[in-house]
Amino acid sequence: MKDADEPGSAKKHKPNFHHSFPAHGSQSSPRGNTFDALRKAKQALPIFPARRTLINQIRRLASAIVIGETGSGKTTQIPQYLLESEVNKGSIIAITQPRRVAAITVAQRVAQEMGSTAGGIVGYCVRFEDVTAPNTKLKFMTDGMLLREAILDPNLTRYSIVMLDEAHERTIHTDVLFGVVKAAQRHRLKTGQPQLKIVVMSATMDVDHFSKYFNNAPVLYLEGRQFPIQVMHVKEPQSDYLFASLVTLFQIHKEAPAGEDVLIFLTGQEEIDSAVRSILDLSRDLNDCPKLQVFPLYAALPSHEQIKVFNKTLPGHRKVVVATNIAETSITIHGIKYVIDSGMVKAKVYHPLSGLDLLKVVTASRAQVLQRTGRAGREAPGICYRLFTEAQFKAMDVNTVPEIQRCNLASVVLQLMAMGISNVLSFDFMNKPAPESINAALEELVLLGALERQPDSEMLKLTPVGKQMAAFPLDPRFSKVILLAKDFGCLEEVLSIVSILSVDSVLLNSSKKRLQAGQAHEKFKSSEGDHIMLLNIYRAYKQVNGNKSWCYENYIVARNMNTAQQVRRQLREICVRQQMEISSCGRETTAIRRCLAVGLFMNAAELSKDGEFMTLTTRKQVSIHPSSCLFQNKPACVVYTELVKTSKTYMRTLSVVDPDWLMEAAPAYFRRKRASAIT
DNA sequence: CTCTCCCT
């Protein structure tokens with residue numbers, strides 16, 4: 001399961017190279033036949049003729065934008081070109097990727113092309129894995145990792161060139177990095193330090209915008225190759241995209257020969273599971289058609305289920321994959337001839353004024369729709385059926401709203417403050433978040449004690465607590481819970497809970513096995529709420545030393561539990577480094593809920609007289625998510641970890657708290673909010 | 001009466 005963007009690209013265009021071009025190549029005889037074949041393959045890439053121009057331009061420029069489609073070879077080749085021609089002047093070139101798998105596989109690929117393995121001249125650095133050496137010159141890393149480094153060294157002095165790849169994805173990390181590298185470049189120029197070159201690499205989107213932002217940096221275009229794809233829109237708007245997707249699938253299925261596979265984009269787990277069931281039901285009555293192999297695909301699916309989509313379609317069969325946007329970029333499935341696109345996506349939306357940060361189904365952007373369409377033409381010409389009209393397509397936003405404009409910014413603002421950027425409102429963002437969002441984040445950080453107003457001025461500055469909080473790779477609310485836990489003597493327990501909250505759900509919940517899973521989870525449940533339940537799971541897991549069959553029997557996702565353990569180890573190390581005493585509360589779990597109440601005071605809800613829950617300050621009606629262990633209960637007051645909007649607005653992962661704890665946590669906040677709610 | 005996707 002890897003992002004097959006660059007590493008396998010030559011295979012697609014030059015099928016005759018297939019055998020000499022193993023994606024995860026052997027490490028045998030780097031100077032032998034494999035190496036020769038690799039060199040030939042490198043020269044056959046569409047980027048190769050542009051080599052001289054690219055080197056000369058980037059040598060001359062402080063900043064450059066490189067536009068190239070998938071398969072142009074930009075990610076693997078440009079770093080090598082710059083190194084070979086010593087544009088980096090002996091120091092390190094950083095190349096960022098939005099995803100871990102991409103950083104790792106691209107580094108391995110490039111190392112192999114250079115006749116070595118990752119961990120030498122070519123290395124990578126992602127969370128939990130630093131595969132670099134003192135002599136590393138090409139350092140592939142996640143954008144989040146470079147951002148963390150920037151807290152310690154805002155001028156990125158170790159690097160001569162920073163390349164931001166997949167910039168069109170506009171992850172929150174890449175967006176913050178835009179501003180950070182731009183400021184570092186300017187500062188280094190002003191103080192006579194060696195130049196910092198910036199290379200932004202992107203697919204065809206937002207080109208002028210990128211260029212303008214980076215002081216009118218020239219745009220270098222690379223030839224990309226994609227097979228032609230025929231695009232079909234529906235004639236009339238569809239009221240039910242789920243139904244429309246089934247109709248379209250069976251139309252294709254009746255006409256197309258076996259072996260031509262279909263990829264359907266829907267929005268979420270429940271929807272996908274139900275679509276898969278419907279497809280299987282409907283296909284049972286069909287004669288004289290190929291047989292169907294239907295696979296759901298979403299991140300929460302156990303990996304052994306995910307891997308099934310890669311299996312070769314059986315002879316005389318047709319593969320149908322029903323996926324979330326995980327199949328847009330993260331996972332590439334071979335053999336897809338048809339794409340059916342609902343035009344919908346589940347996305348985070350944030351309302352700074354109400355502080356509501358939730359997940360809901362929205363219309364996709366044109367950029368997303370184009371990306372989905374492209375999935376039909378990876379290996380041969382394809383067809384894309386869009387379940388929306390051409391007019392609807394034209395009415396879609398051209399680009400996905402950058403993540404930074406859709407999220408709670410508390411974490412980003414704290415990181416910027418920790419880098420010494422004191423006026424975040426005037427920070428040079430490529431797309432500015434709403435001032436309300438930044439102000440809401442500032443207010444939250446003040447209430448959490450991370451920032452304080454300077455006497456005689458409106459300026460906010462980082463407090464020692466804020467500095468400590470910024471050291472944790474966590475949402476500030478949870479960093480705060482950890483700091484509190486030290487004082488409340490329950491740090492061991494809180495580390496376990498926060499670690500599990502940092503990873504995808506450890507409770508298995510496929511709709512198929514929901515009943516059995518529910519019964520297995522019964523013994524972990526707590527009347528205190530889900531956080532204590534997570535602690536119970538962690539304790540039980542430790543008791544059996546993370547035994548895999550125990551996980552299986554208890555419907556616990558071993559993969560996520562394992563990641564949680566790694567997170568815990570990292571958080572614990574940070575605590576030790578900060579000389580925090582690692583204490584345990586044993587059975588006295590009340591202390592844990594007190595810490596959670598203080599950290600999550602902005603996410604509180606109370607039971608009103610009519611039996612519904614209302615958020616404490618914004619007075620929005622919310623419900624307990626059916627997956628919560630408090631679903632059957634009616635506690636008077638709770639704090640929740642997040643909101644999800646589907647048929648209702650649901651609170652997910654909650655704990656029972658005493659309202660007095662909340663008032664103590666932020667008296668001014670509640671007094672003010674109450675007042676404004678009444679007027 | 002049910003949980004987009006990534007990342008430190």
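Predicted, not measured: the structure shown is a model, and the values here were computed from it. Computation of the quantities below employed the complete heavy-atom set of this structure, encompassing side-chain atoms and omitting hydrogens, waters and symmetry-equivalent molecules.
Here A/R100 lies in heavy-atom contact (under 4.0 Å) with sugar-phosphate atoms only. In this structure, A/V126 reaches the sugar-phosphate backbone alone: every heavy-atom distance under 4.0 Å involves primed, P, OP1 or OP2 atoms, never a base. Contact annotation for A/T171: no contact, since no heavy-atom pair falls under 4.0 Å across all strands. Counting any heavy atom pair closer than 4.0 Å across all strands shown, A/K348 reaches a base atom. Residue A/T267 is in sugar-phosphate contact alone, with no base atom involved, counting any heavy-atom pair closer than 4.0 Å across all strands shown. Within 4.0 Å (heavy atoms only), A/S623 reaches no atom of the nucleic acid at all.
Counting to the nearest Å, the C1' atom of B/dT8 and the CD atom of A/Q97 are 16 Å from each other. Note: CD1 (A/I624) to P (B/dC3) measures 15 Å, nearest angstrom. Atom CG of A/D475 and atom P of B/dT8 are 16 Å apart (whole Å). The distance between atom CG of A/L571 and atom P of B/dC7, rounded to the nearest whole Å, is 17 Å. Between A/Q306 atom CD and B/dC5 atom C1' the separation is 12 Å, expressed in whole Å. Rounded to whole angstrom, the span from the CD atom of A/E169 across to the P atom of B/dC7 amounts to 11 Å. Regarding A/M141, its CE atom lies at a distance of 10 Å from the P atom of B/dT8, rounded to whole Å. Counting to the nearest Å, the P atom of B/dC7 and the CZ atom of A/F472 are 22 Å from each other.
Summary of the strand contacts: A/L507 and A/Q570 both lie near DNA chain B, and taking for each the nucleotide with the nearest heavy atom, the more 5' one is attributed to A/L507.
Here the side chain of A/R99 is nearest to one of B/dT8, B/dC6, B/dC3, namely B/dC6. The listed nucleotides are B/dT4, B/dT8, B/dC1; the one nearest the side chain of A/P626 is B/dC1. Distances were taken from every side-chain heavy atom of A/R148 (C-beta onward) to each of B/dT2, B/dT4, B/dT8; the shortest belongs to B/dT8. Ranking B/dC5, B/dT2, B/dT8 by closeness to the A/M145 side chain, first place goes to B/dT8. For A/Y650, counting side-chain heavy atoms from C-beta on, the closest listed nucleotide (B/dC7, B/dC3, B/dT4) is B/dC3. Here the nucleotide nearest the side chain of A/I326, chosen from B/dC6, B/dT8, B/dC3, is B/dC6.
In this model, the phosphate group of B/dC1 is not approached by any side-chain N or O of A/S627 to a distance below 4.0 Å at OP1 or OP2. Checking the phosphate oxygens (OP1, OP2) of B/dT8, no side-chain nitrogen or oxygen of A/S411 falls inside 4.0 Å.
In summary, A/E305 and A/R559 do not engage in a salt bridge, as defined by a charged side-chain N under 4.0 Å from a carboxylate O. Note on A/K348 versus A/E642: no salt bridge recorded, every NZ/NE/NH1/NH2 to OD/OE distance being 4.0 Å or above.
Looking at heavy atoms from C-beta onward, A/V481 lies out of side-chain contact with A/L483 at the 4.5 angstrom threshold.
Cation-pi geometry between A/R652 and A/Y640 is not met at under 6.0 angstrom from the ring centre and within 45 degrees of the axis.
The aromatic rings of A/Y555 and A/H521 stand perpendicular to each other, their planes meeting at an angle above 60°, with 30° marking the opposite boundary. Aromatic ring pairs are classed by plane angle as parallel below 30°, tilted from 30° to 60° and perpendicular above 60°; the pair A/F429 and A/F427 is perpendicular.
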